[in-house]
There are 2 protein chains.
Amino acid sequence: MLTYDMDNREGLSRYEYLYQCIKKDILEGRLAADEKLPSKRALAEHLKLAVITVENAYQQLLMEGYLYSQERKGFFVSPMIESVVTKPSHRAESKNSVENIQKDMQKTAIGKGKKHWIADFKNNYVNRNKFPYATWSKLMRRTLSINAPCLLEAVPFRGLRILREAIAAFLYQQRGMEVRPEQIVIGSGIEALYVQLFQMLANDTVYGMEDPGYQKTAKLIAKNGYECNYIPIDEKGLSVEHLKKTDTSVVILAPSHQFPTGLVMPISRRRELQQWASQKKNRYIIEDDYDSEFRYTGKLIPTIFSRDEQERVIYMNSFYKSLSPAIRICYMILPESLMRHYEKSMRCYSCSASTFEQYNLALFISEGYFERHINRMKKYYRNQRNILVEAIRRSPLADISTIYELNAGTHFILCLNTEVSDKEIAKKAKEQGINVSFLSDYCNGTVENREHLLILNYADIEDIDLDVVLQILKEVISQ
Amino acid sequence: MLTYDMDNREGLSRYEYLYQCIKKDILEGRLAADEKLPSKRALAEHLKLAVITVENAYQQLLMEGYLYSQERKGFFVSPMIESVVTKPSHRAESKNSVENIQKDMQKTAIGKGKKHWIADFKNNYVNRNKFPYATWSKLMRRTLSINAPCLLEAVPFRGLRILREAIAAFLYQQRGMEVRPEQIVIGSGIEALYVQLFQMLANDTVYGMEDPGYQKTAKLIAKNGYECNYIPIDEKGLSVEHLKKTDTSVVILAPSHQFPTGLVMPISRRRELQQWASQKKNRYIIEDDYDSEFRYTGKLIPTIFSRDEQERVIYMNSFYKSLSPAIRICYMILPESLMRHYEKSMRCYSCSASTFEQYNLALFISEGYFERHINRMKKYYRNQRNILVEAIRRSPLADISTIYELNAGTHFILCLNTEVSDKEIAKKAKEQGINVSFLSDYCNGTVENREHLLILNYADIEDIDLDVVLQILKEVISQ
C-alpha cells in the first residue's frame with residue numbers, strides 16, 4: 001500500500017501533498033504503468049485521511065492524465081512515454097511589493113537611460129517632467145468612475161470610435177485635413193501598423209526609404225521579408241529623380257520634418273512625388289508625420305495627405321512625441337479605397353491599444369488639453385533650443401561650427417569644421433560621458449559630403465551643464 | 001498689385017487670410033511661375049497691413065515651397081507641376097465633448113454587442129460588471145501620483161521589468177512554472193506577438209493547428225504567408241499520430257483547456273507531443289494557455305512549458321479573459337535559447353503595451369488583487385454555469401440533449417439529439433434573436449461526427465430569461 005508521511009507536508013494541504021507524492025511515484029517509475037491504485041476508502045484509512053481528500057487527489061491525477069479509471073474497477077496508472085528529468089530550479093527570486101516597485105521606480109527615475117552620460121544628445125527623449133500628470137489623472141479618474149460596462153468590451157478592430165472622431169476633428173482644426181473617422185486605424189505600436197500595411201499592400205511591393213532616414217523602419221521592412229531601396233535626399237528632400245530610377249512602389253517619408261535633417265519638402269517636390277505615385281497601380285506614399293507638431297514659427301506644414309485626390313497617400317502619426325511614449329497610441333489614416341480593402345482583409349488583427357487610454361485620450365483631445373499641451377511644449381522646446389544655441393555661441397565651439405536650425409522639432413544639426421572623423425568624435429565623446437550621433441549614422445549609401453554633421457537633441461537638456469559639456473566636445477573635435 | 005478684401009476674412013487672422021489668398025492665387029494659376037511678388041513693404045502699404053503680417057505670410061509660403069526667394073531681389077512664385085483640384089469636403093461632423101462621450105458610453109453600455117440578441121451564447125464575453133474598478137482606480141491613482149519621470153520613458157523592448165517579475169512570481173505560485181523575467185516578452189496584442197514569433201522562427205516553418213480550434217490564429221498564419229495544417233483532435237486532444245503524417249514543424253495548441261471542446265490533454269499525449277518536438281531541429285510547441293485560470297475543481301492543470309527540458313515550448317497567455325479585454329496586455333515566454341535569438345533579431349519591435357497599465361498591472365498582481373479577482377470570478381462563473389445547467393435540466397431541451405461539462409472555462413457543449421443541421425438551427429435561432437455557434441463552426445476538416453454540438457457561453461448571461469430562451473431553442477431544434 002502507498003505510504004507517505006502525511007505529517008511532513010511542508011505547508012501543503014493534505015490533498016495537494018498526496019497528489020504530489022503519487023505523481024512523483026508515477027513519474028519516477030515506482031508506480032508502474034497499468035498498476036492498480038488502492039481504493040479511495042482503503043488508502044484513506046491507511047493514511048488516516050478523509051475519503052474526500054483521496055478522492056480529490058485521484059481526480060486531479062485523472063484530469064491531468066496520470067491515472068485512468070475503469071468503471072467499477074478503480075484507478076490505474078497511465079502508461080508514460082518516458083521519464084522526465086526534473087529541471088534545475090531558477091525561479092524568480094524577487095517578490096514584488098509596493099515598496100519595491102516604488103523603490104525601483106525612484107531608482108530608475110534618477111537617471112535610467114542617461115545613467116552613463118553626463119549629456120545625451122543622441123536619444124530623442126521627450127521631456128519627462130512635462131507630462132500633464134494632473135490633467136491625465138483627473139480624466140482617468142473620470143473615465144474609470146463612469147464605470148460603464150462598455151469600457152470593458154473588446155474594442156472595434158479600428159479602435160474606439162470616439163477617439164477616431166476626436167483625432168479627425170483635431171486634424172481638421174490643426175492641419176486642415178479632411179478625414180472621416182472610418183479612415184482611421186488606431187494601434188498601440190507603429191511597427192504593428194506597418195506590419196498590417198505590409199500585409200495589405202501587394203506581395204511584390206518594393207519599399208523606398210529616405211537616405212539618410214529613420215533606420216528602424218528599414219530594419220522592420222527587412223524583417224518582414226520585403227526589399228527596400230534607399231533614396232538619397234537633396235535640399236528639397238527625397239529625390240524623385242532618383243526614386244524613378246528604382247523599382248520602388250511604396251515610398252516612406254517625412255515631408256513636413258525630415259529625419260534627421262529637419263527639411264520641409266516644398267510643394268513642387270510633393271507634386272512630383274504624387275505624380276510619380278499616380279503613374280502606376282499599387283504605388284503609394286506613406287507619409288510619416290512624426291514630430292510635425294513642433295514647429296516654432298508660422299503655421300504647421302500641410303500634409304501631402306490633404307492634397308491626395310488619387311488616393312495614394314497613407315498617413316501615420318503617434319502620440320509618442322506629442323504627448324508621451326508611455327501612452328502607446330498611434331494611428332494610420334488610409335485612403336477610402338485602401339480602407340475598404342483593409343476592412344475585408346485585416347480583421348484577424350484586433351485593436352491592441354488599451355481601451356481606458358483610448359477613452360482618456362479622446363477626452364484629453366476633445367476638451368482641448370492636447371492642443372494646450374502642444375502649445376506649452378512648443379514654447380518649452382523653443383526655449384530649450386535657444387538655450388542650447390546661446391550656449392554654443394558663447395562656447396569655444398562657435399569658431400569651428402555652424403548651426404543649421406529650421407525652427408522645428410527637438411533637435412538641430414551642428415556642422416563641424418574638423419578633420420576628425422564622425423566615428424572618432426562619437427567614440428571619444430562617449431569616453432567623456434557624452435552621447436552624440438551624426439547624420440552619417442543615418443545614411444545607408446555614401447556618406448560623402450554628409451560627414452561632420454552633428455545631431456543635437458535638446459528635448460531633455462535641463463540637467464546638463466552645457467558650458468562644461470560643450471567645452472569637452474570642442475576638445476574632442478579639435479584633437 | 002495683389003488686392004484682397006482684408007475686411008472679409010471669415011474669422012481668420014490677417015496673416016492667415018493673406019497666406020490663404022496668395023496660395024489660392026498660386027494654385028489656381030493667377031500668379032504665374034517665377035512671377036515676382038510685391039515687396040513686403042509695398043504690399044503692406046497697399047493692403048493697409050503691418051509689414052510683419054506680410055512677412056509672416058511670405059515666410060509660411062516660402063517654408064511650404066509656394067515661393068522661393070532670391071537675395072536682394074525678393075520673393076517669386078515657385079513653378080508648380082500641375083494644378084490641384086480641390087477635394088470635395090467630407091470633414092468629421094461631430095465635435096466631441098465630455099457630454100457626448102459620456103452619452104456615447106452610456107448608450108453603448110446599454111447593449112452594444114448584444115444589441116440585436118435576446119441571448120448571445122456565441123460570443124466569449126467577459127462579464128463586464130465584474131471588473132474590479134475600485135481597486136484598479138485606486139492603484140491607477142497611486143501609479144499616476146508617483147509621478148516618476150521613468151513612467152514616461154520608452155519601455156524596454158521586452159516590457160517593464162517589474163511587470164515581468166510579477167508575472168514570473170505569479171506563475172511560480174499558481175502554476176509551479178519556473179520562469180526568469182528575462183524570458184518574458186510583454187505585448188499589447190496576441191497577434192503582434194505571433195507576428196514576432198513567425199518572423200523569428202524558420203522561414204519555411206509549417207504550422208499545425210487543432211481542428212476544431214481557434215480560427216483567428218489560422219487566419220493570422222495565412223495572412224503572414226505561412227502554411228498551416230489542421231490536425232484533428234481525439235478524446236485526448238491533438239492527435240500526434242496525425243501530426244506525424246504532416247510536414248508540420250510548429251504546432252499551436254491549448255493543452256489545458258482546448259478550444260472549443262474544453263479537453264485537457266493528458267500527460268501521456270503531452271509527452272508524445274514533446275517527443276515529436278525533440279526529434280527535429282526547429283520543431284516547437286506553442287502552448288496557448290488562454291482561459292486556463294478558470295478551472296472549477298481541483299488544481300490548475302500544469303503547463304507543458306513546465307516540463308520542457310528540450311527548450312521546445314513557447315508559452316502564451318493574456319489578461320483579456322482573466323482580467324478584461326480592455327487591458328490590452330498579453331505575454332509570451334520563450335525558452336532560453338529562443339530568447340537569445342529574440343534579443344538579437346527582434347529589437348526593431350518596441351514594446352507596445354501602455355506603460356501606465358504595465359505598472360498598474362504589476363501592482364495589481366503583486367499585491368494579490370489578481371489572485372483574489374480570479375478566485376472571485378471562478379466562483380461567479382461556476383455559479384453561472386450551474387444556473388445554466390439547471391435551466392437546461394428543467395427545460396424541454398432536457399429530453400433531447402446531453403451536457404458535456406468539464407468544470408472549466410466559461411462555456412460548455414450541449415449535444416443535441418436532432419436531425420436539423422447546425423446551420424439551420426443557427427439561422428433559425430438568429431431569426432428569433434438568439435446567437436449560437438456549433439463545434440462544427442470551428443472545424444476545418446470534415447464535420448462528420450462533429451455535428452449537433454452546441455457551444456453555450458455563460459460568462460454574461462445575467463440579463464437573459466433562460467426559461468424563455470431555452471424554450472425558443474427547443475422549438476428551433478425540433479422543427
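Computation of the quantities below employed the complete heavy-atom set of this structure, encompassing side-chain atoms and omitting hydrogens, waters and symmetry-equivalent molecules. Every chain is numbered from 1 and lettered A, B, ... according to where its sequence line falls, protein lines coming before strand lines.
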Handout entry: Ring-ring centroid check Tyr349(A) Tyr194(B), cutoff 6.0 Å
Key =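 No - the distance between ring centres of Tyr349(A) and Tyr194(B) does not fall below the 6.0 Å cut-off.
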Looking at [options], which makes the most heavy-atom pairs under 4.5 Å with chain A?
options	result
Gln59(B), Lys236(B), Glu64(B), Lys219(B)	Glu64(B)
Pro266(B), Ala222(B), Cys348(B)	Cys348(B)
Met140(B), Glu16(B), Met265(B)	Glu16(B)
Ile327(B), Thr217(B), Asn224(B), Leu406(B)	Asn224(B)

Side chain from CB out, backbone as N, CA, C, O: work out which of these in [X] comes under 4.5 Å of a heavy atom of chain B, or both, or neither.
X	answer
Leu300(A)	backbone
Cys330(A)	neither
Pro255(A)	neither
Tyr19(A)	side chain
Ala353(A)	backbone
Asn407(A)	neither
Lys23(A)	side chain

Do [X] and [Y] make a side-chain contact, defined as non-hydrogen atoms from C-beta onward lying under 4.5 Å apart?
X	Y	answer
Gln60(B)	Ile301(A)	yes
Arg295(B)	Met63(A)	yes
Met346(A)	Lys223(B)	yes
Arg141(A)	Ser137(B)	no

Handout entry: Partner set under side-chain hydrogen bond (donor to acceptor under 3.5 Å, both in side chains) for Ser350(A), not counting sequence neighbours
Key =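 For Ser350(A), the residues satisfying side-chain hydrogen bond (donor to acceptor under 3.5 Å, both in side chains) (neighbours in sequence not counted) are Glu191(B).
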Problem - Nearest non-hydrogen partners of Ser188(B) and Ser352(A), listed with the distance - result: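 Looking at all heavy atoms of both residues, the closest pair is CB-O, 3.3 Å.
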Practice task
Search all heavy atoms of Ser354(A) against all heavy atoms of Glu357(B) and return the closest pair with its distance.
Solution key: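 That closest heavy-atom pairing would be OG-OE2, 2.6 Å.
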Can you measure from [atom1] ([X]) to [atom2] ([Y]) and round to the nearest 0.5 angstrom?
X	Y	atom1	atom2	answer
Phe356(A)	Phe356(B)	CZ	CZ	15.0 Å
Arg328(A)	Gln358(B)	CZ	CD	9.0 Å
Leu144(B)	Tyr133(A)	CG	OH	7.0 Å
Ser78(B)	Arg271(A)	OG	CZ	10.5 Å
Ile267(A)	Leu27(B)	CD1	CG	6.5 Å

Exercise for the section: Among the options Cys351(A), Ala57(A), Gly225(A), pick out the one with the most heavy-atom pairs lying under 4.5 Å from chain B. Expected result: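 Looking at each of Cys351(A), Ala57(A), Gly225(A) in turn, Cys351(A) comes out on top.
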Handout entry: Region of Tyr68(B) in contact with chain A, defined by heavy-atom distances below 4.5 Å
Key =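 Tyr68(B) has no heavy atom closer than 4.5 Å to chain A.
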